[in-house]
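Only one structure is covered here, and it is reproduced in the block below.
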Amino acid sequence: MSPRMRLWLVAVGGAGVAALLVAACLGLPAFGGDRHPYGDRAVEASLAHRTANTIASVNFDQRAFDTLGELTILFAAVLGCVVLLRQTRDEHRARPEPAEVAPAVRRYALLVLPVALLTGLYVIAHGQLSPGGGFQGGVVAATALHLLYLGADYRALERVRPVGRYEVGDGVAVCAYLVTGVAALLGGAAFLANTLLPYGTFNTLSSGGTVPLLNAAVGMEVACAVVVLLARFLDQAVEIDEESGT
């Protein structure tokens with residue numbers, strides 16, 4: 001294909017996308033209105049499935065398939081980083097030496113670590129009830145572990161962060177999300193339809209049907225992905241050196 005033909009294809013495709021965006025914007029409700037048809041429908045659907053947090057209902061029920069796409073993007077990004085940042089033949093590992101840590105930093109980091117970790121797990125567990133959920137709680141829980149790096153040393157972090165297990169956990173979490181969707185298909189509903197479990201009592205941990213399951217799968221995937229991602233970058237910064245010693 002010639003460069004001229006490629007330019008024409010890009011121009012035609014871009015014009016089509018622009019026309020669709022303009023048409024969609026013209027069909028939006030009036031700006032600043034106090035009523036929104038999509039918001040009203042989202043809240044109604046959330047209440048129908050006894051999910052107190054409408055955002056969680058949108059993410060893991062009403063558009064759970066879109067969330068699968070976001071999950072896949074994160075999984076692919078982490079996989080790409082693992083491949084790109086792997087140890088090459090001209091590199092070797094040098095065990096990091098313990099660094100001096102100020103007593104105040106050590107005390108604060110080790111005191112905050114369990115609180116931050118429990119906060120992340122709480123945000124994941126209550127994602128269908130209150131603001132937060134798997135994405136936010138997963139990041140909090142994963143980064144909480146790295147307070148060991150600040151308050152102790154890199155070796156202490158490595159002892160609680162076996163990267164191989166977190167890589168497995170990342171894959172298992174994505175598979176759990178997919179299996180939940182396939183189970184809905186086998187049950188005669190649409191992929192990822194919220195029909196497998198009873199909706200339970202409103203505003204309780206067991207409410208929302210499959211929303212808590214998908215939320216937990218996302219929390220596990222995000223937490224494991226962030227740990228693996230940070231591990232690869234920290235390895236490059238702390239342990240892996242070129243053979244020349246530079």
Side-chain angles (χ1 to χ4, degrees), residues 42 45-46 48-82 116-145 160-231:
S46 175
H49 290 176
R50 297 181 178 86
T51 307
N53 183 6
T54 302
I55 303 301
S57 176
V58 172
N59 287 338
F60 305 115
D61 186 357
Q62 301 172 41
R63 66 168 196 89
F65 187 77
D66 294 343
T67 303
L68 175 60
E70 298 170 6
L71 200 67
T72 304
I73 291 172
L74 177 60
F75 182 80
V78 173
L79 182 61
C81 285
V82 169
L117 183 59
L118 288 176
T119 299
L121 297 177
Y122 178 90
V123 171
I124 295 173
H126 292 76
Q128 74 276 15
L129 305 179
S130 57
F135 286 102
Q136 298 84 350
V139 173
V140 173
T143 52
L145 293 177
V160 300
R161 190 209 59 186
V163 179
R165 295 182 182 179
Y166 284 95
E167 290 175 342
V168 172
D170 192 5
V172 168
V174 175
C175 290
Y177 199 101
L178 290 170
V179 167
T180 304
V182 173
L185 282 176
L186 296 177
F191 182 67
L192 288 172
N194 190 357
T195 57
L196 293 176
L197 300 175
Y199 298 132
T201 303
F202 183 77
N203 207 27
T204 61
L205 284 176
S206 59
S207 62
T210 56
V211 170
L213 296 181
L214 297 179
N215 177 66
V218 167
M220 179 178 175
E221 199 277 337
V222 171
C224 292
V226 172
V227 168
V228 172
L229 192 63
L230 292 176

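Below, each value reflects all heavy atoms present in this structure, side chains not excepted, and no hydrogens, waters or symmetry copies.
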What donor-acceptor contacts under 3.5 angstrom involve side-chain atoms of residues 66-78, with partners at least two apart or in another chain?
unit_1: T67; atom_1: OG1; unit_2: N59; atom_2: O; d: 2.4
unit_1: E70; atom_1: OE2; unit_2: R63; atom_2: NH1; d: 3.4
unit_1: E70; atom_1: OE2; unit_2: R63; atom_2: NH2; d: 3.3
unit_1: T72; atom_1: OG1; unit_2: L68; atom_2: O; d: 2.8

Provide the closest heavy-atom pair for [X] versus [Y] in the form atom of the first, atom of the second, distance.
X: A116; Y: A144; answer: CB-CB, 3.6 Å
X: S46; Y: T54; answer: OG-CA, 3.6 Å
X: A176; Y: A217; answer: CB-CB, 4.4 Å
X: T195; Y: A189; answer: OG1-CB, 3.4 Å
X: T51; Y: V211; answer: OG1-CG2, 4.1 Å
X: A223; Y: A142; answer: O-CB, 3.4 Å

Short side-chain to backbone donor-acceptor contact, [X] and [Y], under 3.5 Å:
X: N53; Y: G127; result: yes
X: D61; Y: A56; result: no
X: Q62; Y: A42; result: yes
X: Y177; Y: A64; result: yes

Do [X] and [Y] make a side-chain contact, defined as non-hydrogen atoms from C-beta onward lying under 4.5 Å apart?
X: V140; Y: V123; answer: no
X: L129; Y: N203; answer: yes
X: E167; Y: V82; answer: yes

Straight-line distance of [X] [atom1] to [Y] [atom2], nearest 0.5 Å:
X: F191; Y: L186; atom1: CZ; atom2: CG; result: 11.0 Å
X: Q128; Y: T210; atom1: CD; atom2: OG1; result: 11.0 Å
X: L213; Y: L196; atom1: CG; atom2: CG; result: 8.0 Å
X: L230; Y: T143; atom1: CG; atom2: OG1; result: 8.0 Å
X: Y166; Y: E221; atom1: OH; atom2: CD; result: 14.0 Å
X: L205; Y: H126; atom1: CG; atom2: NE2; result: 4.5 Å

Worksheet item: Can you tell me if OH on Y199 sees more than 12 non-hydrogen neighbours from other groups inside 6.0 Å?
Response: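 Yes - once you tally the heavy atoms of other residues, nucleotides and ligands closer than 6.0 Å, there are more than 12.
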